[in-house]
Amino acid sequence: LAVLNEFFSVSNFLATGDSNKRFAGNLVLNVTPVEHFETFLKLSMQSNENSTSSPKLIQVLGDLAIGFKGYFAPIPALTLGASMQLRFLNSTGEASFSGSATSVLFHLLTTFDATKLARGFPLRTHFNFGFHLDNSDNLMTTQISASAVYRYALRINETSRLILALGFDFPLPYVTPFLDWNFEIPVSLPRSNANGASAYPNLLTIGTRVHPWRDLGLFVGLDIGLTSAGTLGIPAVPAWNLLFGVTYNFDPGRSKVVE
């Protein structure tokens with residue numbers, strides 16, 4: 001079980017001279033019913049405030065994601081896997097999901113765990129290759145402005161994207177620092193794109209996970225936006241985005257030690 005949150009406050013983000021604040025929250029339930037297979041459910045909300053829009057505050061409540069992941073280890077130090085995620089987006093101004101806007105994410109997953117070598121070193125390396133079939137543009141209606149502010153606040157994008165991700169974490173006693181890089185490549189460029197690859201979503205994330213007790217985990221991180229330009233229809237990337245959350249593991253099958 002996890003509660004994961006995000007926050008940023010920047011200027012000149014979606015419009016010249018604007019001030020933009022965003023808070024997002026996610027409640028995640030992850031279940032491992034059998035070995036080598038996981039499933040999860042995520043409920044999301046976000047609130048975006050921009051000084052140039054009317055209304056200034058736009059909220060999205062109740063997006064739902066359902067995901068599945070399978071994996072295996074051909075050798076102890078190497079794990080291969082794949083995942084699929086379905087995203088059901090809430091219709092704007094309604095309390096129901098928009099079927100035509102349902103989006104799908106696919107990932108191929110690779111992890112090399114140096115801690116499992118003969119002379120274990122506290123390093124795990126992760127590489128992911130994915131595809132985001134993004135149908136959020138079907139949320140657009142004649143009542144919604146096509147401006148960058150509204151598109152961002154209502155998480156509407158114009159194109160699907162390939163995803164490349166590389167990550168490193170360092171599992172130490174009670175703390176696991178990590179470094180991740182994430183790059184997305186639009187499969188078809190919006191007509192408005194004049195900035196080329198400089199507008200592609202490009203993120204570097206640094207942070208740490210803290211494990212003060214056996215089942216409790218604390219998480220804090222910072223997204224650093226490497227995207228140098230913006231294009232309408234491609235997800236905008238802020239200069240920074242604070243990540244923080246808490247996780248707790250439940251294991252009903254775990255035996256208890258009675259002293």
Side-chain angles (χ1 to χ4, degrees), residues 2 4-6 8 24 26 28 30 36 38 40 42 65 67-85 87 103-117 119-134 157 159-172 175-189 195-211 217-231 234-245 247:
L4 307 174
N5 304 299
E6 305 176 28
F8 72 81
N26 303 279
V28 184
N30 190 311
H36 304 306
E38 297 178 9
F40 76 86
K42 179 173 70 173
F68 310 91
K69 181 171 72 172
Y71 53 92
F72 72 101
I75 60 175
L78 180 65
T79 301
L80 305 176
S83 68
M84 182 183 73
Q85 180 183 149
R87 288 185 177 179
S103 300
V104 187
L105 282 83
F106 303 95
H107 282 97
L108 298 177
L109 314 169
T110 304
T111 295
F112 181 77
D113 188 350
T115 66
K116 296 184 178 180
L117 299 177
R119 297 182 178 180
F121 182 77
L123 171 64
R124 291 186 297 236
T125 303
H126 313 275
F127 177 73
N128 297 347
F129 176 76
F131 178 67
H132 185 176
L133 180 61
D134 193 336
N157 304 303
T159 178
S160 299
R161 300 171 300 282
L162 296 173
I163 302 171
L164 299 175
L166 180 64
F168 305 92
D169 62 35
F170 309 88
L172 303 172
V175 63
T176 304
F178 65 87
L179 174 67
D180 295 335
W181 172 72
N182 191 90
F183 186 64
E184 300 186 15
I185 306 170
V187 295
S188 60
L189 293 177
N195 297 309
S198 63
Y200 296 174
N202 193 357
L203 278 176
L204 185 68
T205 304
I206 57 174
T208 188
R209 302 178 186 90
V210 181
H211 312 282
L218 306 176
F219 166 84
V220 63
L222 183 69
D223 285 336
I224 301 171
L226 303 180
T227 302
S228 59
T231 292
I234 297 177
V237 177
W240 63 270
N241 183 42
L242 179 65
L243 312 169
F244 56 99
T247 64

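Since the model is a prediction, treat every value here as computed from it, not as a measurement. No hydrogens, no waters, no symmetry mates; every other heavy atom, side chains included, goes into these values.
Side chain of T227 to backbone of A199: no donor-acceptor contact under 3.5 angstrom is found. The backbone N or O of T115 lies less than 3.5 Å from a partner atom in the side chain of D113, making a donor-acceptor pair. Formation of a donor-acceptor pair under 3.5 Å by the T125 side chain with backbone atoms of F168 is not found in this model.
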Review point. Stepwise, does the side chain to side chain contact (heavy atoms under 4.5 Å, CB included) test hold for F178 with T205?
Key: CA-CA 8 Å; F178 65 87; T205 304; 3.8 Å; yes

Review point. Is there a side chain to side chain contact (heavy atoms under 4.5 Å, CB included) between R209 and F219 once you walk through the steps?
Key: CA-CA 5 Å; R209 302 178 186 90; F219 166 84; 4.0 Å; yes

Review point. Going through the distances and angles, do H126 and D180 end up as a side-chain hydrogen bond (donor to acceptor under 3.5 Å, both in side chains)?
Key: CA-CA 9 Å; H126 313 275; D180 295 335; over 6 Å; no

Point to revise | Criterion side chain to side chain contact (heavy atoms under 4.5 Å, CB included) on E6 and N26, from CA distance to verdict | key: CA-CA 9 Å; E6 305 176 28; N26 303 279; 4.3 Å; yes

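Side-chain contact between W181 and N202 is present, with heavy atoms from C-beta onward closer than 4.5 Å.
In terms of heavy-atom proximity, T159 sits nearest to P186 at CG2-CB, 3.7 Å. Shown here for L117 and A77, the closest heavy-atom pair between the two residues is CD2-CB, 3.9 Å. Across all non-hydrogen atoms, the minimal contact from P177 to L172 is CD-CD1, 4.3 Å. Taking each heavy atom of L204 and L226 in turn, the nearest pair found is CB-CD1, 4.1 Å. L242 and G221 get closest at one heavy-atom pair: CD1-O, 3.5 Å. In plain terms, the two heavy atoms of W240 and F8 that are nearest each other are O-CB, 3.1 Å.
Atom CG of N182 and atom CG of L164 lie 8.5 Å apart (nearest 0.5 Å). The distance from atom CG of L108 to atom CG of N128, rounded to the nearest 0.5 Å, is 8.5 Å. With values rounded to the nearest 0.5 angstrom, D134 atom CG is found 8.0 Å from R87 atom CZ. Taken from CD1 in I163 to CG in L105, the straight-line distance is 5.0 Å, to the nearest 0.5 Å. Rounding to the nearest 0.5 Å gives a distance of 12.0 Å between CG of L162 and NE2 of H132. Of the inter-residue distances, the one linking L80 atom CG with F72 atom CZ reads 4.5 Å to the nearest 0.5 angstrom.
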